[in-house]
Amino acid sequence: MTDTVLSDPTNPDGRAPTDSLGNAITVPDSDDVTVVTAADGSRWELVCGLEVHAELATATKMFSGAPNHFGDDPNTNVDPVTLGLPGTLPVVNQKAVELAVRFGCAVGGPQSVRRSVFSRKNYFYPDMPKNFQISQYDQPIVVAGELELPSGHVVGIERAHLEEDTGKSTHVGGAGRITGADHSLVDYNRAGVPLLEIVSRPHVRSTEQARQYVAELRSILVACGISDGKMEEGSMRVDANVSVRREGSQELRTRCEIKNLNSLRSLGRAIEHEATRQADLHAAGQKVVQETRHWDEAQGVTGTMRSKEEADDYRYFPEPDLVPVDPSPEWIAEIAAALPMLPAARRARLAEATGEPRTAESVVVVVDRAQDDQAISALAHLARLAEVGGDPSAASTLAALADDDVDGLSGPDAGARAAAAPDAAKARVLVHVTQNLAGEGGADLAPVRLAELVALEVAGELTATQAKQVLAELVADPEATAAGVAAAKGFEAMDTGALEAAVDAAIAGNPAEWEQYRTGDPKVRGKLTGFFVGQIMKATKGQADGKAATALLTQKATD
Amino acid sequence: MSAAEAGSADTAVRIAAAVRAGERSAVDVLEAHLARIDGGEAEVHAFNTVTVDAARAAAAAIDERVAAGEDPGPLAGVPIAIKDNLCTRGVATTCSSKILEGWVPPYDATVVERVWASGAVPVGKTNLDEFAMGSSTENSAFGPTRNPRDLTKVPGGSSGGSAAAVAGGFSAISLGSDTGGSIRQPAAFCGVVGVKPTYGLVSRYGLVAFASSLDQVGPFATTVADAALLLEAIAGHDPADATSIPQEAPKLVEHLDDGVAGLRVGVVTELTGEGISPDVLARVREAADALAAAGATVEEVSVPAVAYGLSAYYLIAPAEASSNLARFDGVRYGLRVDAPTTNEMMVASRTAGFGDEVKRRIMLGTYALSAGYYDAFYGQAQKVRTLICRDFDAAYERFDVLLSPTTPTTAFDLGAIADPLTMYLNDICTIPTNLAGHPAMSVPFGTGQDGLPVGVQVLAPALGEQAMFRTAAALEAAAPRTTGASK
């Protein structure tokens, strides 16, 4: 990664070369950079930073005891402090501070958590009860961090700060916008809900990285119990700071902020659209005005909300009703020690255990579904089984394994242990967890039972098709064992002779198709392979191994 | 006997002792005060609201509890007046502003809860300069309060109504708020005791904020002992106020008679020179002599940075006020002047609802916080504040308490001061302690050439209330008699 300090050739006064905390602005290179083409054919690459507002999973509000709960009747989760009644005072919610510290420890380690000061951000808006928002300004609680995306790209985090949410206005008449509305209704249930505003560095270089960043952030917030991460309920709201620069250049041009991108789909579309809009302006020699824009999902365009020139002067000053928040190093250490394993570490562990790359889709998906413990534990069982060399179909072998402590192994060390499992077993476990245990109840299947099944499969006693059927039974019936289900279904290892007989019978019964198969091009042959394997499966009631049958067909056609 | 004399005879200490002992009924005590309100309130206008029915019910309840063998608390049956910027559940709280028209708080301020819990009987809400911005109680949307000692004079401000209520015998004690002298200056003008406690000693929850980092609630009383009794009742940590000091409040009443022998008293050079009228200065010198005679060591002390207090104050206080008063916008409560759009409605409501002095300070404060001016104004003022603290700290290394006048002059005529800047100078002696967060109190000590009361200010370091009250008690004992002033 090459970090470069940049300047804006088109707008030297428009942007300080440092961020809000005085750090130099850097933009990393990446293998994956979104490049847009302007109307004149010139090519422009994306530079993007994201601001995510995450509602914190506290029982009460940021500065009062009113409930923090989504979806209740309007103006029921309010108290005098929420409504900003005269004489009321804020008191900091310690749980919210703890969750912010947790986030800091997760992305930046204990040293990224600092003494922080609340400030008032002053502006008039009807859904803001005090006409100022209590936020953190020049001294946020988290001052550094980074996020490794599933793709391996690393996005730096500039800061994260605590603040209170505003209420929600509903405009009646006038197409639902404040201008021209007949009247407006305000719901203060959301007012005062604790928010963590997480600001990334401009390290997002592609629309895919933007989506991955938000998804990864969401996983971390959920894994750590910091937020419920529900974008559809507004628990996570994303703003994107978008600029572009000539492909291959190191410039930093004027950015625009797109507000309230509330789905991963909107996020990617809005960024791409905005990048193209800016590229067109630059290519035409026109100036990009620094402004706040909104995303119109239906039209697929961004539009001006307010420009920087007419933006409010927020008149920040330290909130005199609150004292600084100064978490002790001991408390921070305690919180850091109690953090769960984070998604990136989980991916690394699963990759190590399975021999797959960390960026493999199966690895990403299994961790995303929080089934990596299941896979790793099953692999650890299989490694143990390979070690003792017992008969996988013998109940006694597996019973002994179940008493092993591998089920309880979910720490980073479990990966090394699981890595000793046979390669064939690794592949099968990953396939089952990724594909066959994605449905209801799949995640609850005990790893030892999955291990038992895979052991039989690897030993050649079950075909892939049979294994899938047995697995479904295991999920449906917690008492069932793989060996038991296989026996009950009459699944037995089909020897080569029996399989060859079934293949021969299929050929003899379908001479015309066989002729086409034998003489046809690969496309025709591919199509007819499916037909013959289907016939063979039908005849053997699914006991045939599809791969072996295909191999036999190929062999007989070339004989 | 004048109303003032009758009032001072009826101290909270005596009332509470008699009511708790079952020797006097709270109802009788209340009726005596209501009778004085009937006689004098029309002229004085100390109150925005007199809660006669609620007070009678409260007094009757106190008597019932005494009859049932219960102890209603240290302020049992003591009539108390409450400044109308302290929230009272079910009773309009106006801040003497039109903007809060029709608003009735759904909750009690912490100090109001505490006076109820101490057995006091609230009699009403007192007049003030709008949102506590002023030094004469002339900036009230409901008309000025007059000084019970001389009805041609102002009572001082902004807690003029609370000072006048006590001076006029309408209530035995009262609560005010002090941001730059709003308790001490009217106490001095009205010849009563007024205390600005250490910042954080008394909860601000339910005090409608003027300048949050300076505001503090405190007592008015006719005697030092009464002020101590009331301060003990309201002081102490409140989890609803994050700036409240999380430790036990100093004990005051039991140390009032400890005397001042060996106490080191510093007379502040910068507050006893230019700008202070000679008769007021003479009283301060006599007060210092009296303390020396009582065994204290008295010396002059320089606290250089207090000279910059007024300038710093008139940046910090308006800046905070501009933000604190932003919530009065017509959306949720109070006055609403309809207009075609929400923004226009807010502008119209605020234009109609706020008085001139409030608007002046909102504009000053908005300017002081603006981008590009913050460092030169608000930032610079905070540095001055730090210097003032440092100079006070140095002084308190050598002295236990400091002494100064409370005000440059005695009470002036209604309407006499039209220029805001001249009015601001009234608080020159009181403002530095607010900036430092320290306690200070005003004790009556003789009269000026005009026969009006003079207040001597006793200042102390943070949480130094005990020494401050001991000094005040000694001054009270030595003070020339001032009651019976002309009316």
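Bear in mind the structure is a predicted one, so any value in this text is a computation, not a measurement. Atoms considered below: every heavy atom in the structure, side chains included; atoms not considered: hydrogens, waters and symmetry mates. So you know, we letter chains A, B, ... as the sequences are listed, proteins then strands, and number each from 1.
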Proximal component of [X], with respect to chain A [non-hydrogen, under 4.5 Å]:
{"X": "S370(B)", "value": "both"}
{"X": "L100(B)", "value": "side chain"}
{"X": "Y205(B)", "value": "both"}
{"X": "F210(B)", "value": "neither"}
{"X": "N324(B)", "value": "both"}
{"X": "T366(B)", "value": "both"}

Member of K130(A), R120(A), K121(A) meeting the salt bridge (charged side-chain N to carboxylate O under 4.0 Å, His left out) criterion with E319(A)
R120(A)
Do the side-chain N and O atoms of [X] and [Y] include a donor-acceptor pair separated by under 3.5 angstrom?
{"X": "T433(B)", "Y": "H438(B)", "answer": "no"}
{"X": "N23(A)", "Y": "E158(A)", "answer": "no"}
{"X": "N68(A)", "Y": "N77(A)", "answer": "no"}

Does Y373(B), at its OH atom, have more than 12 non-hydrogen atoms belonging to other residues, nucleotides or ligands within less than 6.0 Å?
no
Between F328(B) and F131(B), ring centroids under 6.0 Å:
yes
For chain A, the option from [options] that forms the most heavy-atom pairs under 4.5 Å:
{"options": "A319(B), A326(B), S322(B)", "answer": "A326(B)"}
{"options": "G330(B), A240(B), P105(B)", "answer": "A240(B)"}
{"options": "A209(B), A371(B), S323(B)", "answer": "S323(B)"}

Side chain / backbone / both / neither for [X] at chain B, heavy atoms under 4.5 Å:
{"X": "D321(A)", "answer": "both"}
{"X": "Y188(A)", "answer": "side chain"}
{"X": "F132(A)", "answer": "side chain"}

Most contacts with chain B, counted as non-hydrogen pairs under 4.5 angstrom, among V81(A), L85(A), L83(A):
L85(A)
Closer than 4.0 angstrom, basic N to acidic O: yes or no for E197(A) and R237(A)?
no
So do L196(A) and L162(A) actually touch side chain to side chain, heavy atoms under 4.5 Å?
yes
Which of parallel (below 30°), tilted (30 to 60°) and perpendicular (above 60°) describes F63(A) and F118(A)?
perpendicular
